[in-house]
Number of protein chains: 2
Amino acid sequence: MTVMETTGTRTDTCAGPPQQNRRPDGDDHYTISEVVAFTGLTAHTLRWYERIGLMPHIDRSHTGQRRYTNRDLDWLDLVGKLRLTGMPVADMVRYAELVREGDHTYGERFQLLKTTREDVLARIDELRGTLAVLDRKISFYADAGQALASERSR
Amino acid sequence: MTVMETTGTRTDTCAGPPQQNRRPDGDDHYTISEVVAFTGLTAHTLRWYERIGLMPHIDRSHTGQRRYTNRDLDWLDLVGKLRLTGMPVADMVRYAELVREGDHTYGERFQLLKTTREDVLARIDELRGTLAVLDRKISFYADAGQALASERSR
DNA sequence: TAGAACCTTGGAGTGCGCTCCAAGCAAGCG
DNA sequence: CGCTTGCTTGGAGCGCACTCCAAGGTTCTA
């Protein structure tokens, strides 16, 4: 007799490979602690994400407890990925707003994703530069270690 | 009549390509604002780095103003790279301490560098995963854009 | 039906990496 | 000489992304 509704407008669906341990759609009502187990986020963080508008409105049980759906988990997966890129939470909130505003924001969302993609490519490049520096330093230290070893063995 | 000393023990040198706009060694005494121009850091940040032990002791002019050397700039370059990896400042301070402690810390520095290298590889991998997600979403939005466009042209 | 485990809220607190402030000294210029 | 510009210090403040608290209601297991 409780929660059976789905949110309706599927306006940001392109899920990718299905996640492990999920219940089938229509039977997908997870408590906050289940979502904690899935995502590795804390319950505090999940509630905070909702407060700042980073999550859509989450279904509630008849007593007001949160019941997350598979769609919510998909969204959290995306948020997790974007977080890894260093995207500020405020930007993710902006993206969430665009999704809520409906289909006429497709263009803006598209731009935002493309910009983010460029940022990610740039970060990968930076990291490669850093890797080169580390490798130079590491081989320097390896050589120095060799020198000390042969020093010691003399 | 002022600052002409060099720090002595070259215990972490493996400079890589020489930087632009630098003065030759022995004539390398940069004011803090010159270093700001080189590094893009603020003077506040440079002084803060020194306070927390992330920098070696910086030479001073006869009136107590900081005079950075080429070696200091090299160190700041490394710090900048490490910062890009997301390494916490505290860990960089630890590395700086090891450098100050002398040659018997070679081994520990070597380990720290190798661990960092692994972290960087892992981060690059994460970013590649995110890139894949973004690309999927982007092509989804591109298709949706196409659909909307043909909708409009009908 | 008792008790443990879990959930709710608004608001306050934390840790990190800066970032800025006030008050004062020093150097160069007209 | 006064003025501007640049540097010094210790300590306070800030923005971000959580993280936690207190006080109370709910759900599950024995």
Side-chain angles (χ1 to χ4, degrees), chain A residues 1-3 29-55 57-69 72 75-76 78-97 116 119 123 126 130, chain B residues 1-3 29-55 57-69 72 75-76 78-96 119 123 126 130:
Chain A
M1 43 11 202
T2 31
V3 196
H29 311 295
Y30 309 97
T31 65
I32 199 164
S33 59
E34 285 174 305
V35 178
V36 165
F38 277 133
T39 62
L41 298 168
T42 70
H44 294 301
T45 302
L46 286 168
R47 287 190 276 257
W48 178 67
Y49 277 1
E50 206 177 328
R51 261 194 282 179
I52 64 173
L54 183 51
M55 296 295 294
H57 264 71
I58 302 296
D59 288 348
R60 299 301 181 114
S61 74
H62 66 111
T63 54
Q65 297 195 352
R66 290 172 182 79
R67 293 294 179 261
Y68 292 80
T69 65
D72 298 327
W75 175 253
L76 283 168
L78 176 63
V79 166
K81 292 287 185 196
L82 293 179
R83 216 166 36 124
L84 288 177
T85 71
M87 181 188 276
V89 166
D91 290 6
M92 291 190 256
V93 171
R94 173 72 189 136
Y95 185 76
E97 281 166 0
T116 305
D119 290 351
R123 301 238 39 228
E126 284 177 347
T130 303
Chain B
M1 38 16 201
T2 31
V3 196
H29 310 295
Y30 309 97
T31 65
I32 200 166
S33 58
E34 284 174 306
V35 178
V36 165
F38 277 135
T39 61
L41 299 168
T42 70
H44 293 303
T45 303
L46 286 167
R47 287 190 277 256
W48 179 67
Y49 278 2
E50 205 178 328
R51 262 195 279 180
I52 63 174
L54 184 52
M55 296 294 296
H57 264 70
I58 302 298
D59 287 348
R60 298 303 181 113
S61 73
H62 66 110
T63 56
Q65 299 194 349
R66 288 171 181 79
R67 294 293 178 261
Y68 292 82
T69 65
D72 297 326
W75 176 253
L76 283 169
L78 176 63
V79 165
K81 293 285 186 200
L82 293 179
R83 214 166 37 123
L84 288 177
T85 71
M87 179 187 276
V89 166
D91 289 7
M92 291 191 259
V93 170
R94 174 72 188 136
Y95 185 79
D119 291 350
R123 300 240 31 206
E126 285 175 347
T130 303

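All chains are named by letter (A, B, ...) in the order of the sequence lines, taking the proteins before the strands, and each is independently numbered beginning at 1. For the numbers below, each heavy atom of this structure counts, side chains included, while hydrogens, waters and symmetry mates do not.
With rounding to whole Å, Met92(B) atom CE is found 13 Å from dC16(C) atom P. For the pair His29(B) NE2 and dC7(D) P, the computed distance is 17 Å after rounding to whole Å. Between Ile32(A) atom CD1 and dT9(C) atom C1' the separation is 12 Å, expressed in whole Å. Remark: C1' of dG15(D) and CG of Asp91(A) are 14 Å apart, rounded to the nearest angstrom. As rounded to whole Å, 12 Å separates atom C1' of dG17(C) from atom CG of Leu41(B). With rounding to whole Å, Tyr68(B) atom OH is found 14 Å from dG6(D) atom C1'.
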Side-chain donor-acceptor contacts of residues 79-90 of chain A below 3.5 Å, not counting sequence neighbours, with atom names and distances?
{"from": "Thr85(A)", "atom 1": "OG1", "to": "Leu82(A)", "atom 2": "O", "distance (Å)": "2.5"}
{"from": "Thr85(A)", "atom 1": "OG1", "to": "Met87(A)", "atom 2": "N", "distance (Å)": "3.2"}

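Counted by atom type alone, Thr69(B) and Asp72(B) present one or more donor-acceptor pairs between their side chains at under 3.5 Å.
Residue pairs meeting the salt bridge (charged side-chain N to carboxylate O under 4.0 Å, His left out) criterion with at least one member in residues 30-42 of chain A, sequence neighbours excluded, are Arg23(A)-Glu34(A). Sorted by first and then second residue, the side-chain hydrogen bond (donor to acceptor under 3.5 Å, both in side chains) pairs with a member in residues 35-46 of chain A read Thr42(A)-Thr45(A); sequence neighbours excluded.
For dC7(C), the OP1/OP2 oxygens have a side-chain nitrogen or oxygen of Thr31(A) closer than 4.0 Å. The shortest distance between the side-chain N/O atoms of Arg67(A) and the OP1/OP2 oxygens of dT8(C) is not below 4.0 Å. Contact annotation: Arg66(A) side-chain N/O to dC7(C) OP1/OP2 distance is not under 4.0 Å. Taking side-chain N and O atoms only, Ser33(A) has a distance below 4.0 Å to OP1 or OP2 of dC7(C).
Across residues 46-55 of chain A, Trp48(A), Tyr49(A) each have a non-hydrogen atom less than 4.0 Å from an atom of DNA chain D (numbered order). Taken residue by residue, residues 80-88 of chain B places no heavy atom nearer than 4.0 Å to DNA chain D.
Here Arg47(B) pairs with nothing under the salt bridge (charged side-chain N to carboxylate O under 4.0 Å, His left out) rule; sequence neighbours left out. In this structure, the ring pair (Phe, Tyr, Trp, His ring centres under 6.0 Å) partners of Tyr30(B), at least two apart in sequence or on a different chain, are Phe38(B). Listed by chain and residue number, Arg123(B) satisfy the salt bridge (charged side-chain N to carboxylate O under 4.0 Å, His left out) test with Glu126(B) (two or more places apart in sequence, or in another chain). For Ser33(B), the side-chain contact (heavy atoms from CB on, under 4.5 Å) partners at least two apart in sequence or on another chain are Thr31(B). Residues passing the salt bridge (charged side-chain N to carboxylate O under 4.0 Å, His left out) test with Glu50(A), sequence neighbours excluded: Arg60(A), Arg66(A).
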Got a list of protein N/O to nucleotides 21-28 of chain C N/O distances below 3.5 Å?
none

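Comparing Val89(B) and Gly64(A) along DNA chain C, the residue whose closest nucleotide (by nearest heavy atom) sits nearer the 5' end is Gly64(A).
Distance check, rounded to the nearest 0.5 Å: OH of Tyr95(A) to CH2 of Trp75(A) gives 6.0 Å. With rounding to the nearest 0.5 Å, the separation of CZ in Arg67(A) from NE2 in His62(A) is 8.0 Å.
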